[in-house]
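The next block holds one structure in the form of structure tokens; read it before the comments.
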Amino acid sequence: MAIAANLTPTFPLTVWGHVFPGYRAFYTVILNLTVVVVLTVILGALKARSTRSDETVAADYYA
């Protein structure tokens with residue numbers, strides 16, 4: 001993105017024929033948040049599929 005914008009702080013984002021000029025760091029934050037939300041949903045679903053329960057008991061903590 002930086003090379004495409006000739007190393008300027010703004011980047012013209014084209015979505016469905018509309019051009020949205022904006023600050024490159026703002027677009028990066030939006031991209032990062034999108035990745036975090038998608039990965040949270042995917043990893044949460046994977047965790048829910050493995051329904052293993054904790055098998056430790058209080059006696060395991062005493063030597």
- [ ] Could you please spell out the steps behind the side-chain contact (heavy atoms from CB on, under 4.5 Å) verdict for T34 and V37?
- [x] CA-CA 5 Å; T34 304; V37 168; 6.0 Å; no

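- At a threshold of 4.5 Å between side-chain heavy atoms, the hydrophobic network of Ile, Leu, Val, Met, Phe, Trp and Tyr places V15 and I30 in one connected group.
- In this structure, the separation between CG on N32 and OH on Y27 is 15.0 Å, given to the nearest 0.5 Å.
- Looking at every heavy atom in both residues, V36 comes nearest to T40 through O-OG1, 2.7 Å.
- Residues L43 and V38 share a single hydrophobic cluster, defined by chaining ILVMFWY side chains whose heavy atoms lie under 4.5 Å apart.
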